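Below is one structure, written out as structure tokens, with a few remarks after it.
Proteins get letters first, then strands, A, B, ... in listed order; numbering begins at 1 in each. When reading the values below, keep in mind they use all heavy atoms of this one structure, side chains included, and skip hydrogens, waters and symmetry mates. Predicted model, so just to flag it, every value in this text is computed and none were measured.
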Number of protein chains: 2
Amino acid sequence: MLRTDEAVKYLKNKGYRITPQRVAVLKALEGNTDHPSAEEIFKIVLKTHPNISIATIYNVLELLEEEGLINAVARVNGMKRFDPNTKVHPHFICRKCHKVYDIPIDREKLVDCFKEIPPEGFITESVKITFEGTCKNCNRN
Amino acid sequence: MLRTDEAVKYLKNKGYRITPQRVAVLKALEGNTDHPSAEEIFKIVLKTHPNISIATIYNVLELLEEEGLINAVARVNGMKRFDPNTKVHPHFICRKCHKVYDIPIDREKLVDCFKEIPPEGFITESVKITFEGTCKNCNRN
DNA sequence: CTGTCTGCAAACCATTTGCAATCGT
DNA sequence: ACGATTGCAAATGGTTTGCAGACAG
């Protein structure tokens, strides 16, 4: 799970400059379970940094993703959605309200299920498990 | 697995018109394990239908996906990739060569692994399991 | 015939890029 | 200081859309 102070330390250590914009994006993501889009992160950060540019948001998100501090976990309505929780876990995308939910899962079972795949010679860098349908809330109506 | 004749029957039965363009897209996808993009399907169909428009390709693909005859299984380099095999099965996306591989998997194990998720009240319409990394071929070089 | 589909070209829109000015180190 | 990073505005590019004409049923 992303923590701003640890991420800052990590980035500094890698030689990256610690700009207010980068810290602001990290803070917007810390503890955020909404799987926000770049636009949503932009809106959050605008509150404290009224001059920030959307291009900077994209820059920072790209950096954080490359450094493995966050993941792009889905694409909903054409927009990438980001998750500060980089542990492998399934997501559920609601086709009606476009919310992205984390799905709790028995980690042992998951590891067991996937341990012999993909085939030899393939090197896996990330795994995505995504359910799509209609969520509890939307099904009630 | 998609079969052109069955798909045609299905679409006709639903009241859709059977146009040469629709049949051509179906034929381009039948038995295709390359997970082609819209552009790639366009190129295939152009050989037999030199006047077809890319917009028509997108139209037909949208229709086939809505009708559950094909799936959009991934987005690689910004491009949707399509699979005529609509059975749930994992994919491996190579970050170097951008090939999309089908991954064989023990179906029973998969069902067992996923049977109690997602949580009650959520209605699942599709499941995607995607590995990303570098493929056997690219790792050799 | 009639209303669905197609082909064309323009529009869309999330994301990327080029570049001069800014600011972290 | 110096070079990495930002903000702005324009470009990119896969996909979508509007519409007149074509064609399947």
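- The CG atom of B/Leu63 sits 17 Å away from the P atom of D/dT15 (whole-angstrom rounding).
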> For nucleotides 14-19 of chain C, read 5' to 3', which letter fits each nucleotide if B means a protein heavy atom sits under 4.0 Å from the base, S means only the sugar-phosphate is that close, and - means neither?
Replying inline: SBBB--
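- When the C1' atom of D/dT6 is taken as reference, atom CD1 of A/Ile18 falls 15 Å away, rounded to whole Å.
- Between B/Leu46 atom CG and C/dG7 atom P the separation is 10 Å, expressed in whole Å.
- Within the structure, no pair that satisfies the salt bridge (charged side-chain N to carboxylate O under 4.0 Å, His left out) test touches residues 16-43 of chain A, not counting sequence neighbours.
- If you measure from atom CG of B/Leu64 to atom P of C/dC5, you get 12 Å, rounded to the nearest angstrom.
- A donor-acceptor contact shorter than 3.5 Å links the side chain of B/His35 to the backbone of B/Thr33.
- Within the structure, a side-chain polar atom (N or O) of A/Gln21 is placed less than 4.0 Å from OP1 or OP2 of D/dG7.
- Here the straight-line distance linking atom OH of B/Tyr16 with atom OH of B/Tyr10 works out to 8.0 Å at 0.5 Å rounding.
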>> Evaluate A/Tyr101 against B/Phe122 for ring-ring contact (aromatic ring centres under 6.0 Å, His included), listing each step before the verdict.
In response: CA-CA 11 Å; A/Tyr101 295 83; B/Phe122 288 66; 5.0 Å; yes
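- Residue-to-nucleotide proximity on DNA chain D shows that, of A/Ile57 and A/Arg17, the 5′-proximal contact is made by A/Arg17.
- Closest of all the heavy-atom pairs between B/Phe92 and A/Ile123 is CZ-O, 3.6 Å.
- In this structure, B/Glu65 atom CD and D/dT15 atom P are separated by 11 Å, rounded to whole Å.
- Under 4.0 angstrom from either OP1 or OP2 of C/dG24 there lies no side-chain N or O belonging to A/Thr19.
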